[in-house]
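Please read the structure below before turning to the comments.
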Protein chains: 2
Amino acid sequence: MATLKKIGEELGLSVATVSRALNGFPEVKEATRQRVREAADRLGYRPNRVAQRLVTGRSGMVGMIVKIKPDMSADQTFFEMLTGLTAALSERETDLVLAVDQAQDPVLPYQRMLERDVLDGFILNAPVPDDPRVTFLQERGIPFVLHGQDRACPSYPTYGIDNFAVSTDSVRLLAQLGHRRIALINGEVSAAFARDRLTAFEAAMDTFGLGKDLIRTGATLESHGYSQALDLLSGEAPPTGIICTSTVVAAGAMRAIRHLGLHVPGNVSIMAHDDALPHTRAINFEPALTVTRAPMRDACAPLAHMLVDHLNGKPAHELQVMLRADLIIRCSTGPAPKPETPDGP
Amino acid sequence: MATLKKIGEELGLSVATVSRALNGFPEVKEATRQRVREAADRLGYRPNRVAQRLVTGRSGMVGMIVKIKPDMSADQTFFEMLTGLTAALSERETDLVLAVDQAQDPVLPYQRMLERDVLDGFILNAPVPDDPRVTFLQERGIPFVLHGQDRACPSYPTYGIDNFAVSTDSVRLLAQLGHRRIALINGEVSAAFARDRLTAFEAAMDTFGLGKDLIRTGATLESHGYSQALDLLSGEAPPTGIICTSTVVAAGAMRAIRHLGLHVPGNVSIMAHDDALPHTRAINFEPALTVTRAPMRDACAPLAHMLVDHLNGKPAHELQVMLRADLIIRCSTGPAPKPETPDGP
DNA sequence: AAAATTGTTCAAAACGTTTAAAATTTGCTT
DNA sequence: AAGCAAATTTTAAACGTTTTGAACAATTTT
């Protein structure tokens, strides 16, 4: 393996100069830099990461812990994240070390990982409100980036979408279309994103003077969407608009709507938040689904770069990104149906 | 962070002695070792992995590349492997670095990973016959362990089950129960395991003098099992015994059998190979499924240890394990039905 | 009592890089 | 042609560990 020393000997230069030449330091003569570059290429030089890491005091590895549900099913978003993160991190010469969490205690796997490995930082995802992992890492001064938002004014890097706006935009759209009975099929309220969407949903419904009785929670699967939509639509005063926590849940809800012989958007308008995961494409729904859209994949590169920037000393307050999801109006939403007049015209 | 030097200063010992004391070298006086251990504990010493790696010339990281199917669905076995591998590798002070493969070229991601990272070796899984990744890594002298077997007499560490025996045992069981028409619903024949099972299935059928016309391939999903079993059972001379490539496929096949109003094992015996993944439990089938069983999880620790042993110089020929899957006879297999006598008794 | 043996510890080199400080070369000014 | 500043390069230390060879001390052998 070619080393700086070998290149130096080859060219009659010191190791230091070779190092600086390759690292783009300005004090190296351009002619020298060329010679060094040429020799490095010729000898197939690759910097020894381990040596770099020793001297810089950084391991070049960041950790992420994969939460696995009791049934061992993978979080749908996981592969999406893994793909994007490894790609983006490798641009910054950083490796992603994974561990799998099967424990109940949310901080235990982080503790164990820190005991075992030399890690520069963490990527945290799927926060719960006031996430205990955040507290744990902050107490120990371990850098991290949070994908999402677990509290109001974080003092650490975060990247996420504005989940309040997701609900606000959704409710406004349906309300402006004349819907009065709007349902929310929300995710697990233990998740921070779902709590935020719920809060904003209630606020928005208040704003429009609408009732907040059509709220369901805990939907993650298609089957949840199905059963909860069925339940909502079979009630005394069924919704004419349904906001779903995800496209998967929306698929279930649509199945329920069809099952009841109703039409979208004639009888019921339906929309969802869309993380734009590759397997469920909202545009291929029949009819194409109206969504608030924020591709999960888009978060990967920012998360990676923000973490590395933070490790390089960039202060947390410059590393807080909150995007607004796009509102994409397709065919699954339309004007509220005319109220039924049972006693005829 | 406590270092060897600090401990040495604390005790008036040299770094070398401290290092040896902690690493269990025999030439250190027991009293000294105790003092060192105590001081290390007290100061919370953790060896600096990076420094260890620099001096030993090893990175302490091994790579694995996750293949993702076009639909981005995770291989069901992946999380199982990830969990087991990270746990076992961490016992050997080794980290698992993951990359995601979306490319067509099977070796490209390995090439890229080697360019980018300092990796001591690889874990290869899901081999195809004469796997090109094997060739690639062998040419470059990169150590690896293969989970499975891609060729007859490998010169590198392998760990897997005897897929020939899987078919042989399955066919023998059904044949001895009197079945004459035995079907195989196999996996993708591009996979080495499926090719081996096919070869052995044909050989075993020959041995028993049975016909080999009931072979289907490419089954990975429940729906494949359903449609292929439906197809087989609707044929002119339907099978009385079906061997499935996996429990998931068997679930589909059972659904087809039920759909046709047939009974297991009265009309049709069915069995499968069982990787014992957590989400589908063969024993919970109705009726409980007869299987050849080899838990995927059992492979993780051996794979990890074999790779690290190999990195430590253990020769490949001592690192070749081929286990025989257990044959577990449950309620889904039974005697072949009496041949129908259409013209009555 | 000297020599040999064994047990224990130490000093120093090595791994490959980065970087601060010192040294040298170059170019410019007078 | 000397003086000086700027540009470029080198020397050396540092990161924390492992490991070689030497040194020292304690013990045994002669």
Interatomic distance, E30(B) CD vs dT9(C) C1' [rounded to whole Å]: 15 Å
Nearest-neighbour nucleotide for the T32(A) side chain, dT9(C), dT9(D), dT17(C) considered: dT9(D)
Integer-rounded Å distance: dT18(C) P and K5(A) NZ: 15 Å
DNA chain C: 5'-proximal contact among L54(B) and P26(B) (nearest heavy atom): P26(B)
Pair listing, ring-ring contact (aromatic ring centres under 6.0 Å, His included) test, anchored in residues 97-120 of chain A, at least two apart: Y110(A)-F122(A)
Candidate list N312(B), L311(B), L307(B), test side-chain contact (heavy atoms from CB on, under 4.5 Å), partner R92(B), passing option: N312(B)
Test item: T17(B) side-chain N/O and L13(B) main-chain N/O as donor-acceptor pair under 3.5 Å: no
Nearest-angstrom distance from the residue atom CD1 of I7(B) to P of dT18(D): 11 Å
Flag, side chain of R133(A) to backbone of N125(A), donor-acceptor distance under 3.5 Å: yes
L4(A) CG to dT9(D) C1', straight-line distance once rounded to whole Å: 15 Å
Length of the line joining E9(B):CD and dT17(D):P, which is rounded to integer Å: 12 Å
d(CD, E27(B); P, dA22(D)) in whole Å: 16 Å
Value in whole Å for how far the C1' atom of dA7(D) lies from NZ of K29(A): 9 Å
Touch class at under 4.0 angstrom, heavy-atom based, for G12(B) against every strand present: sugar-phosphate
Polar side-chain atom of D162(B) near backbone of M322(B) as donor-acceptor pair, under 3.5 Å: no
E10(B) side-chain N/O to A39(B) backbone N/O, donor-acceptor pair under 3.5 Å: no
What protein N or O atoms touch nucleotides 19-24 of chain C N or O atoms at under 3.5 angstrom, if any, and at what distances?
{"residue": "dA20(C)", "atom": "N6", "partner": "R20(A)", "partner atom": "NH2", "Å": "2.9"}

Donor-acceptor contact below 3.5 Å, side chain D275(B) vs main chain M296(B): no
Sugar-phosphate only, base, or nothing, as touched by Q52(A) at under 4.0 Å among non-hydrogen atoms: sugar-phosphate
Check: Y159(B)/D298(B) side-chain N/O donor and acceptor closer than 3.5 Å: no
Difference in axis direction between the ends of the helix from dA1(C)-dT30(D) to dT30(C)-dA1(D), five pairs, 10°: 70°
Contact under 4.0 Å: N23(B) side-chain N or O vs dT18(D) OP1/OP2: yes
N/O donor-acceptor pair under 3.5 Å between N48(A) side chain and V50(A) backbone: yes
Whole-Å gap separating P (dT8(C)) and CZ (R35(B)): 14 Å
